[in-house]
Amino acid sequence: MSLLKPRAFRWKIAGRRASVVGISLGLALAGAALPAGAEPVVAPAATSGTLMPGKLLYAELATPDLNAAKAFYGALLGWTFRDVTNPRGRAVVALVHDQPVASLVERSRPSRHGSPAWLPVISVADPADAVAKTKYWGGRVILPPSAVAESGLAPGEETILADPQGAPFAAFRAQAGDAPDDDTPPTQGEWIWSALLTRDPSTAAGFYQQVFGYQVQAAPDATKGTAYLLLSQSVARGTVNPLPARVLPSARGRWLGFVQVDGVGASAEAVERLGGKVLVQPHPDRRNIMIAIVSDPAGTVFGLMEWHGSDPAPADQTENAK
């Protein structure tokens, strides 16, 4: 089934996340062994009482060794952890300044699933509607909508889906609404940006536009038709970018999340000391923001970013994007 091509919208971009759009255009991801899908755990507590469809709320990880993951991310990012009840296995919520940033559950890993992966959790008004749209536009349902009501965490409903090019993601409706956008500077350990890497960025952007109602803009500094911004509530939420040319033709789409760190170089060195790998060495991207691509000891790939809030907001750059 053919998908609608994304249109070039002209929206004002505001908020902290918008100030780092375009960072994924210079990722230099060639050689990064990006992983396959993950499984859902829980979603974070919500505070605003208002749903913000399209906002990336959270990240989830199913990992074969929960203790090893806690040791790695705790030492690298300063995450602390709270045990939670989960029917799928031992589980924890990761915290930064007592605020949830991620959830992790211990799951054995059948070889056919490949390496574990961080799964982005995206706000949606109606998970059942997201399922229907995903199927209509060529995606697939990994797990149908189900209630999330673990003790101490926000109740709601979540479904796990995959886009037509195989990238998995979660759609979650928080019963109490979503946390408002935060304009304060990011601190170490917070997720700061997400990028979708895919074979066909135009078709992928059209898919997410249909499922989540994103506004879509051509990404600044990108060759026409190769990269897009996804916006909701006039805030840039992520980018859609082509997979590196040298990855295998059979490679599926992947979401890649970036975590704020105080120093990318020092953090990359710590990754290797802690048993992980540096897949793409620290380097400045096209906007001179330091980034690196790394993996934890189980092979879970994620990005490190050192953003100090000094780069200009990209609203002027994207206003006339075609």
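With ring centers used as reference points, W79 lies under 6.0 Å from Y73. For F169 and W118, the gap between ring centers reaches or exceeds 6.0 Å.
With sequence neighbours excluded, the residues forming a side-chain hydrogen bond (donor to acceptor under 3.5 Å, both in side chains) with R90 are N67, E106, listed by chain and number. Annotation: side-chain hydrogen bond (donor to acceptor under 3.5 Å, both in side chains) contacts of E157 (sequence neighbours excluded): none. Contacts of F81 classified as ring-ring contact (aromatic ring centres under 6.0 Å, His included), with partners at least two apart in sequence or in another chain: none. Every side chain to side chain contact (heavy atoms under 4.5 Å, CB included) that A268 has, sequence neighbours left out, goes to V278, P282. Under the side chain to side chain contact (heavy atoms under 4.5 Å, CB included) criterion, T226 pairs with A222, T223, sequence neighbours left out. For S267, there are no side-chain hydrogen bond (donor to acceptor under 3.5 Å, both in side chains) partners two or more places apart in sequence or in a different chain. Residues meeting the salt bridge (charged side-chain N to carboxylate O under 4.0 Å, His left out) test with D262, sequence neighbours left out: none. Residues satisfying the side-chain hydrogen bond (donor to acceptor under 3.5 Å, both in side chains) test with Q260, not counting sequence neighbours, are none.
Side-chain atoms of V259 and I192, non-hydrogen and from C-beta on, never get closer than 4.5 Å to each other. Residues Y228 and Q217 fail the side-chain proximity criterion, which asks for heavy atoms closer than 4.5 Å. For the pair M305/V261, no side-chain contact is recorded, criterion being any heavy-atom separation below 4.5 Å from C-beta on. Under the 4.5 Å side-chain criterion, counting only non-hydrogen atoms from C-beta, W255 is in contact with P120. Counting heavy atoms from C-beta outward, T159 and L143 have side chains that stay 4.5 Å or more apart. Side-chain contact between L66 and V92: present, with at least one pair of heavy atoms (C-beta onward) separated by less than 4.5 Å. With contacts defined as side-chain heavy-atom distances shorter than 4.5 Å, the pair F172/V124 does not qualify. With a 4.5 Å cut-off on side-chain heavy atoms, I289 and H283 do not count as touching.
The distance from the CD atom of E158 to the OG atom of S146 is 6.5 Å, given to the nearest 0.5 Å. To the nearest 0.5 angstrom, M52 atom CE is 6.5 Å from S232 atom OG. T63 OG1 to E60 CD: the interatomic distance, rounded to the nearest 0.5 Å, is 14.0 Å. Note: F72 CZ to L274 CG = 6.0 Å, rounded to the nearest 0.5 Å. In this structure, the separation between CD on Q188 and CG on L76 is 7.0 Å, given to the nearest 0.5 Å. The line from CG of L61 to OG of S103 is 8.5 Å long, rounded to the nearest 0.5 Å.
For A227 against N241, the heavy-atom pair with the smallest separation is CB-ND2, 3.7 Å. Considering all non-hydrogen atoms of both residues, A251 and L243 come closest at O-CD1, 4.0 Å. The two atoms that bring P168 and G253 nearest to each other are CD-O, 4.5 Å, heavy atoms only. The shortest heavy-atom contact between A102 and W191 is CB-NE1, 4.1 Å. Residues Y208 and L230 share a closest heavy-atom pair of CB-CD1, 4.3 Å. Scanning all heavy atoms of the two residues, the minimum distance from G139 to F207 falls at N-CE1, 4.2 Å.
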Stepwise side chain to side chain contact (heavy atoms under 4.5 Å, CB included) check, V211 with Y136: CA-CA 10 Å; V211 174; Y136 182 82; over 6 Å; no

Residue pair V301, I293: steps toward the side chain to side chain contact (heavy atoms under 4.5 Å, CB included) verdict: CA-CA 7 Å; V301 177; I293 311 298; 3.7 Å; yes

Side chain to side chain contact (heavy atoms under 4.5 Å, CB included) evaluation trace for V131 with T134: CA-CA 5 Å; V131 166; T134 292; 5.7 Å; no

V96/T187 under side chain to side chain contact (heavy atoms under 4.5 Å, CB included): CA gap, chis, key distance, verdict: CA-CA 8 Å; V96 173; T187 60; 4.0 Å; yes

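Identified under the salt bridge (charged side-chain N to carboxylate O under 4.0 Å, His left out) test for residues 121-131, with sequence neighbours left out: D129-K133. A salt bridge (charged side-chain N to carboxylate O under 4.0 Å, His left out) check over residues 67-78, counting only residues at least two apart or in different chains, returns nothing. Within the structure, side-chain hydrogen bond (donor to acceptor under 3.5 Å, both in side chains) contacts touching residues 164-173 (residues at least two apart or in different chains) are Q165-T198. The list of side-chain hydrogen bond (donor to acceptor under 3.5 Å, both in side chains) pairs with a residue in residues 269-278, not counting sequence neighbours, is empty.
Judged by distance alone, the side chains of H308 and E306 do bring a donor and an acceptor atom under 3.5 Å apart.
The main-chain N or O of L229 is never found under 3.5 Å from a side-chain atom of Q215 such that the two would form a donor-acceptor pair. Between the side chain of R254 and the backbone N or O of R252, at least one donor-acceptor pair lies under 3.5 Å. No donor-acceptor pair under 3.5 Å is formed between the side chain of S295 and the backbone N or O of T300.
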